[in-house]
Engineer: 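Would you mind keeping the following structure in view while I ask a few things?
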Number of protein chains: 2
Amino acid sequence: MPAEDRRAWESVLAHIEADLLGGRLRPGDRLPGERALAVELGVGRSSVREAIRVLEVLGLIRTATGSGPSAGAIIVALPGGGMSALMRLQVAAQGFPVADVVKTRLVLEASVVTELAEATDRPDLAGPEELLDVMEARELTEAEFLALDAQFHLALAEASGNQVVTAMMAGLRTAIEGYARAGVPALVSWPATSARLMLEHRGILATITAADAEAARRAVQSHISGYYAETHLA
Amino acid sequence: MPAEDRRAWESVLAHIEADLLGGRLRPGDRLPGERALAVELGVGRSSVREAIRVLEVLGLIRTATGSGPSAGAIIVALPGGGMSALMRLQVAAQGFPVADVVKTRLVLEASVVTELAEATDRPDLAGPEELLDVMEARELTEAEFLALDAQFHLALAEASGNQVVTAMMAGLRTAIEGYARAGVPALVSWPATSARLMLEHRGILATITAADAEAARRAVQSHISGYYAETHLA
DNA sequence: TCACGATGTGTGGTCTGACCACACTACACG
DNA sequence: CGTGTAGTGTGGTCAGACCACACATCGTGA
């Protein structure tokens with residue numbers, strides 16, 4: 001019997017986590033209703049709801065009103081969903097220095113492109129390429145461009161297949177977009193910079209396609225740290 | 001004016017996030033009381049509580065009952081606090097394959113030791129060294145040893161000073177401990193393996209002290225992937 | 001005068017019961 | 001046989017009521 005001295009909502013969370021680990025709950029399953037869970041665990045419905053809320057924000061479940069198979073709280077376990085909220089709030093609370101975010105991004109992305117370039121079977125780069133097509137198709141506002149830019153890097157991570165790295169990149173995405181946009185005013189020429197960024201994106205994909213891991217790593221590192229340096233000269 | 005069609009607790013969360021970004025709330029500050037916040041935002045106290053709960057799990061605030069300066073909900077923004085819960089639950093829900101966790105760990109830790117070894121001023125390794133001393137002091141159970149092991153790696157990340165990486169490592173810690181413990185039965189000899197791991201730990205610190213980044217990276221990579229391979233031979 | 005204990009006050013933590021909007025189900029009616 | 005309407009169960013929300021706790025205050029006793 002686990003200690004009962006923890007807060008009620010924590011015991012609910014622990015119970016659900018145990019069910020998850022024990023295989024009694026799997027992705028796609030529906031949680032019991034809030035009222036039923038409350039009775040079963042001997043706590044109030046509000047406590048159940050606080051636990052449910054946590055699981056939802058963490059991206060583990062999806063809730064929907066109404067009835068039927070799609071209603072209720074359903075286990076989804078979509079990676080990154082919660083990480084994004086976490087990183088966003090953490091950065092908002094000044095928990096993470098931008099320099100650390102950039103550095104971490106550098107490390108993760110270097111690993112991503114290395115893995116892509118070294119993959120034995122040619123990785124599927126359709127996703128990233130489509131994004132580049134969109135970015136090059138027409139003139140975009142700075143915000144639009146940078147949003148697609150961050151999305152491109154996220155797509156690379158997805159293509160690498162590493163779900164943990166993808167989740168982390170998804171979490172960093174908001175923070176990345178934030179500092180990227182904040183740096184725009186410091187640029188000498190936005191059109192010149194965006195043009196360069198687009199070229200570099202194509203270059204990164206080219207090195208991956210060429211299976212040149214070393215070049216890919218260099219390309220992505222200069223791409224990221226180049227922009228960072230350019231926006232922090234002032 | 002933001003849309004009011006979102007769920008009540010989301011609007012509370014958004015309001016607090018906005019205060020964070022706007023500098024109206026900073027680490028160390030106390031949130032208004034739940035009742036006051038409910039009145040101020042025009043929602044019920046339970047909705048406020050759900051938002052508070054999310055912030056607490058994400059590691060952004062700490063709540064305490066009673067009165068006085070240490071009571072109430074206080075912004076703490078301690079990195080890793082929430083990431084840990086997130087990763088733990090995500091792994092529990094089979095959201096992340098172990099192989100991806102190991103791979104990510106490899107990338108992050110390689111970066112950590114590289115940075116430590118290349119630091120211009122000798123980094124402070126007192127924390128990691130103390131942990132090694134404890135591990136070597138006496139015979140430990142497997143669980144104790146592996147817990148300290150994970151803590152050692154986390155201490156290295158902390159020493160590197162990169163808060164984002166530290167947070168991510170903290171998040172991975174539970175998952176790491178989990179697969180490490182799960183692999184013990186597959187080992188030929190636990191005493192032999194633990195002895196080797198301890199030697200490798202000392203070796204990693206030595207390469208850092210020697211400022212040999214390349215050796216440090218190799219050491220940490222063989223340390224991690226070695227154990228992983230050893231426990232996945234069967 | 002000073003130490004100490006009872007009391008007051010405000011905090012988060014929890015439970016209960018009551019609505020609401022919604023979406024699907026089932027049944028009755030044309 | 002189709003169709004629409006009432007029913008049922010879901011999450012979402014609110015209001016109010018306690019509780020335990022920790023600090024602040026003030027009185028009382030030494």
Side-chain angles (χ1 to χ4, degrees), chain A residues 2-16 19 25 28-76 78 81-82 85, chain B residues 2-16 19 25 28-76 78 81-82 85:
Chain A
E4 291 292 356
D5 56 343
R6 44 148 128 40
R7 283 121 105 202
W9 66 270
E10 284 180 312
S11 71
V12 176
L13 205 53
H15 179 266
I16 295 177
D19 277 357
L25 284 177
D29 287 355
R30 281 230 315 277
L31 254 59
E34 297 177 354
R35 295 162 180 84
L37 218 45
V39 173
E40 180 186 344
L41 300 182
V43 300
R45 190 182 161 208
S46 52
S47 296
V48 171
R49 278 185 62 74
E50 292 186 16
I52 295 281
R53 194 62 50 232
V54 167
L55 291 172
E56 182 181 345
V57 170
L58 259 35
L60 270 134
I61 64 178
R62 176 184 61 73
T63 63
T65 63
S67 86
S70 68
I74 287 148
I75 316 251
V76 289
L78 44 91
Chain B
E4 292 290 357
D5 56 343
R6 48 160 157 334
R7 284 122 106 200
W9 66 270
E10 283 181 313
S11 71
V12 176
L13 206 53
H15 180 265
I16 295 176
D19 277 358
L25 284 175
D29 287 355
R30 281 231 314 278
L31 255 59
E34 298 177 351
R35 295 162 179 83
L37 218 44
V39 173
E40 181 185 343
L41 300 182
V43 300
R45 191 184 161 207
S46 53
S47 296
V48 171
R49 279 185 63 74
E50 292 185 16
I52 297 279
R53 194 63 52 231
V54 167
L55 291 172
E56 182 181 346
V57 170
L58 259 34
L60 268 129
I61 65 177
R62 176 184 60 73
T63 64
T65 63
S67 85
S70 68
I74 287 146
I75 315 251
V76 288
L78 45 90

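Sequence lines set the chain letters: A, B, ... in the order given, protein chains first and strands last, and positions in each chain run from 1. Worth saying up front: this structure is predicted, and the values here are computed from it rather than measured.
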Engineer: What is the distance from CD1 of A:I52 to C1' of D:dG12, rounded to the nearest Å?
Structural biologist: 13 Å
Engineer: Do any side-chain nitrogens or oxygens of A:T63 fall under 4.0 Å of OP1 or OP2 in D:dT10?
Structural biologist: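 Looking at the OP1 and OP2 atoms of D:dT10, neither is under 4.0 Å from any side-chain N or O of A:T63.
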Engineer: Kindly give the heavy-atom pair with the smallest separation between B:R53 and A:V54, and that separation in Å.
Structural biologist: CG-CG2, 3.8 Å
Engineer: Which atom names give the shortest non-hydrogen contact between B:A51 and B:V12, and what distance separates them?
Structural biologist: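 Here B:A51 and B:V12 meet closest at CB-CG1, 3.5 Å.
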Engineer: Work out which heavy atom in B:P32 is nearest to a heavy atom in B:L37; give both atom names and the distance.
Structural biologist: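 Nearest heavy atoms, B:P32 then B:L37: CG-CD1, 3.7 Å.
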Engineer: So, does B:S46 get its side chain near the phosphate of D:dA15, meaning an N or O under 4.0 Å from OP1 or OP2?
Structural biologist: no
Engineer: What are the two closest non-hydrogen atoms of B:A71 and B:T65, and how far apart are they?
Structural biologist: CB-O, 3.6 Å
Engineer: Rounded to whole angstrom units, what separation is found between the CD1 atom of B:I61 and the P atom of C:dT11?
Structural biologist: 15 Å
Engineer: What is the distance, rounded to the nearest whole Å, between atom CG of A:L37 and atom P of D:dG12?
Structural biologist: 14 Å
Engineer: Can you tell if the side chain of A:E40 reaches within under 4.5 Å of the side chain of A:H15, non-hydrogen atoms only?
Structural biologist: yes
Engineer: Please report the distance, rounded to the nearest Å, between CH2 in B:W9 and C1' in D:dG11.
Structural biologist: 13 Å
Engineer: Measure from the side chain of B:R49, starting at C-beta and using heavy atoms only, and say which of C:dT14, D:dG11, C:dC15 lies closest.
Structural biologist: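 So the nucleotide nearest the side chain must be C:dT14.
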Engineer: In whole Å, I'd like the distance from the CD atom of A:E34 to the C1' atom of D:dT13.
Structural biologist: 11 Å
Engineer: What is the distance, rounded to the nearest whole Å, between atom CD of A:E50 and atom P of D:dG11?
Structural biologist: 16 Å
Engineer: At 4.0 Å (heavy atoms only), tell me whether B:A64 reaches a base, stays on the sugar-phosphate, or touches nothing.
Structural biologist: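 Sugar-phosphate, no base atom in range.
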Engineer: Students often get this wrong, so: under 4.0 angstrom with heavy atoms, is A:R53 touching a base, only sugar-phosphate, or nothing?
Structural biologist: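 If one applies the 4.0 Å heavy-atom cut-off, A:R53 turns out to touch the sugar-phosphate alone, with no base involved.
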Engineer: Report, as a single string ordered 5' to 3', how protein heavy atoms within less than 4.0 Å touch nucleotides 16-24 of chain D: B base, S sugar-phosphate only, - not at all.
Structural biologist: -BB--BBB-
Engineer: CD1 of A:I74 versus P of C:dC24: gap in Å, rounded?
Structural biologist: 12 Å
Engineer: Does the side chain of A:E34 come within less than 4.5 Å of A:T63's, by heavy atoms?
Structural biologist: no
Engineer: What heavy-atom pair brings B:A8 and B:V43 nearest, and what distance separates the two atoms?
Structural biologist: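 Scanning both residues completely, I find the closest heavy atoms to be CB-CG1, 4.0 Å.
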Engineer: What is the distance from CZ of A:R6 to P of C:dT14, rounded to the nearest Å?
Structural biologist: 12 Å
Engineer: Tell me which nucleotide among D:dT13, D:dG12, C:dT14 gets nearest to the side chain of B:A8.
Structural biologist: D:dT13
